[in-house]
Amino acid sequence: MVRVQRQFFEIPTVELAEKLLGKMFTRVLPDGTVLKGKIVETEAYLGEGDEACHAWRGQTPRNHSMFCKPGTIYVYFTYGCHYMLNIVSEPENRAGAVLIRAMEPLEGISFMQLQRGLNTLTCLMSGPGKLTGAMAIGPECNGRDLFGSEFLLEDAPEIPAELIGTGRRIGISRSRELPWRKFILGNPHVSKGKPS
DNA sequence: AGCGTGATCTTT
DNA sequence: AAGATCACGCTG
C-alpha cells in the first residue's frame, strides 16, 4: 500500500481532478471500521475566475478550509440535506478544490449499504451526496486532512487519458461552459446527473 | 418534473 | 430582516 503524500496535491486543480481518478479514498471510523472506494468522478473548482466556486469572491467563514494546505478536506452542507466532499488544491491562501462526485465501493460495503438503506452496489456512491452518506461524512470532517489516521488516499496507476471523459459540471448555473468534470469512461459508478 | 430542507450570502 | 440561491436525491 502506497500512501499519497501532500506533494501530490501541489499541481493545478484541473490536473488534480484528472489525477485523482482511480485513486482509493479510505475513511477509518472511530470503531475501526474501514470504508474504502475508488474515485471515478471529480469536478474542479477554482477561486479565481470561476463563479461556480464558493470562494470566487473571497474568503468567508464557510469556505475557510478551501484556503488551507493542499490535501485538506473541505466538507459543506447543501440543499438542506447533503454534505459534499472536496479535496483542497492550490497553495495555502489560494482557493481551489476538487469535488469528489462518485466512487466505486471497495471495502466496508455492508456498512455503506446499511447507511444508505440499499442492497445494491452501483447506487451506493454514484453521486456526491450519496458517497458522503455511505461513508458517514459530516461537518466534523471539514478541515481535516488526508495524512492522519482517519483518512488516507492510496496510490494507484494513473488512468490513461483515452479512458478519461470530460464534460461540463453538474448542477451549477454560473461558469457552466467550463469542461472541468472528469470521469472514468464506462465505469458504472459514475453519477447519472446531467450537465446544466 | 417537482419538491424537501437549511445554511449561507446578498441586498434592503 | 428578508429573500434568493444552491457543486442533490428521491418520488411519481
Side-chain angles (χ1 to χ4, degrees), chain A residues 9 12-21 25 37 39-68 70-90 94-105 112-144 164-184 187-196:
Chain A
F9 300 91
T13 303
V14 179
E15 192 181 333
L16 182 62
E18 294 175 355
K19 293 258 161 70
L20 281 172
L21 295 174
F25 179 91
I39 299 174
V40 300
E41 181 180 355
T42 60
E43 280 176 5
Y45 287 86
L46 266 177
E48 290 174 29
D50 176 9
E51 294 191 43
C53 179
H54 290 162
W56 73 282
R57 240 183 312 208
Q59 194 166 348
T60 69
R62 172 166 78 156
N63 64 33
H64 165 79
S65 49
M66 249 192 157
F67 292 81
C68 295
T72 302
I73 288 173
Y74 170 43
V75 175
Y76 70 90
F77 185 67
T78 192
Y79 287 104
C81 38
H82 301 293
Y83 292 96
M84 300 285 125
L85 171 67
N86 301 254
I87 299 177
V88 174
S89 60
E90 302 294 321
R94 279 196 40 170
V98 175
L99 170 69
I100 308 301
R101 280 196 59 86
M103 291 196 240
E104 175 177 333
M112 296 177 189
Q113 288 176 328
L114 200 63
Q115 280 288 303
R116 301 263 296 114
L118 291 173
N119 290 326
T120 58
L121 263 188
T122 48
C123 289
L124 223 44
M125 299 208 284
S126 57
K130 297 180 186 178
L131 71 89
T132 53
M135 288 198 167
I137 289 172
E140 71 281 2
C141 302
N142 186 38
R144 307 264 169 88
I164 298 181
T166 290
R168 293 192 266 182
R169 295 173 293 178
I170 311 280
I172 56 167
S173 55
R174 294 176 297 203
S175 299
R176 71 173 68 155
E177 69 286 354
L178 298 171
W180 286 356
R181 170 174 176 248
K182 309 285 174 182
F183 55 97
I184 299 181
N187 187 292
H189 298 87
V190 170
S191 77
K192 279 105 197 145
K194 287 191 177 151
S196 46

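Proteins get letters first, then strands, A, B, ... in listed order; numbering begins at 1 in each.
Distance CG/A/L21 to NZ/A/K182: 9.0 Å, rounded to 0.5 Å. In this structure, CG in A/L99 is found 8.0 Å from OG1 in A/T42, a value given to the nearest 0.5 Å.
With a 4.5 Å cut-off on side-chain heavy atoms, A/R181 and A/I170 count as touching. Under the 4.5 Å side-chain criterion, counting only non-hydrogen atoms from C-beta, A/E43 is not in contact with A/W180.
Counting any heavy atom pair closer than 4.0 Å across all strands shown, A/M125 reaches no nucleic acid atom. Nucleic acid contact for A/G80: base, since at least one base atom lies under 4.0 Å from a heavy atom of the residue. Residue A/Y79 is in base contact, counting any heavy-atom pair closer than 4.0 Å across all strands shown.
When the nucleotides C/dC6, C/dA7, C/dG9 are ranked by their closest atom to the side chain of A/K130, C/dG9 comes out on top. When each of C/dA7, B/dC9, B/dT5 is scored by its nearest atom to the side-chain atoms of A/R62, the top-ranked nucleotide is B/dC9. The side chain of A/F77 sits closest to B/dA7 out of B/dA7, C/dC10, B/dC9.
In terms of polar N and O atoms assigned as donor or acceptor, the side chain of A/Y76 never comes within less than 3.5 Å of the base of B/dA7 in a complementary pairing.
Protein atom CG of A/N63 is 16 Å distant from nucleotide atom P of C/dC6, rounded to whole Å. Summarising the geometry, the separation between CE on A/M66 and P on C/dA7 is reported as 11 Å, rounded to the nearest angstrom. Taking atom CD of A/Q115 as the reference point, atom P of C/dG9 lies 15 Å away to the nearest angstrom. Between the CD1 atom of A/I170 and the C1' atom of C/dG9 there is a distance of 14 Å, given to the nearest Å. Summarising the geometry, the separation between NZ on A/K194 and C1' on C/dG9 is reported as 16 Å, rounded to the nearest angstrom. Between the CZ atom of A/R57 and the C1' atom of B/dT11 there is a distance of 11 Å, given to the nearest Å. A/L99 has its CG atom 13 Å from the C1' atom of C/dC6, to the nearest Å. If you take CE of A/M84 and C1' of C/dA7, they are 7 Å apart, rounded to a whole angstrom.
Screening A/H189, A/E41, A/M135 for a side-chain contact (heavy atoms from CB on, under 4.5 Å) involving A/M125 leaves a single residue, A/M135.
When the side-chain nitrogen and oxygen atoms of A/T78 are compared with OP1 and OP2 of C/dC8, none of them lie within a distance under 4.0 Å. The side chain of A/R116 places an N or O atom within less than 4.0 Å of a non-bridging phosphate oxygen (OP1 or OP2) of C/dC10. Residue A/H54 places at least one side-chain N or O closer than 4.0 Å to OP1 or OP2 of C/dA7. Distances shorter than 4.0 Å separate some side-chain N or O of A/R101 from OP1 or OP2 on C/dC8.
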Would you sketch DNA chain C in dot-bracket for me? Only Watson-Crick or G-U wobble pairs with both distances under 3.5 Å count, crossing pairs as [ ], other-strand pairs as |, the rest as dots.
||||||.||||.

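Where stacking is scored as ring centres under 5.5 Å apart with planes under 30°, A/H82 does not register as stacked on the base of C/dG9.
Under a 3.5 Å cut-off, the side chain of A/R101 and the backbone N or O of A/V190 do not form any donor-acceptor pair. A donor-acceptor pair is defined here as one N or O able to donate and one able to accept, closer than 3.5 Å; no such pair exists between the side chain of A/N187 and the backbone of A/V40.
Within 6.0 Å of CD in A/Q59 there are more than 12 heavy atoms belonging to other residues, nucleotides or ligands.
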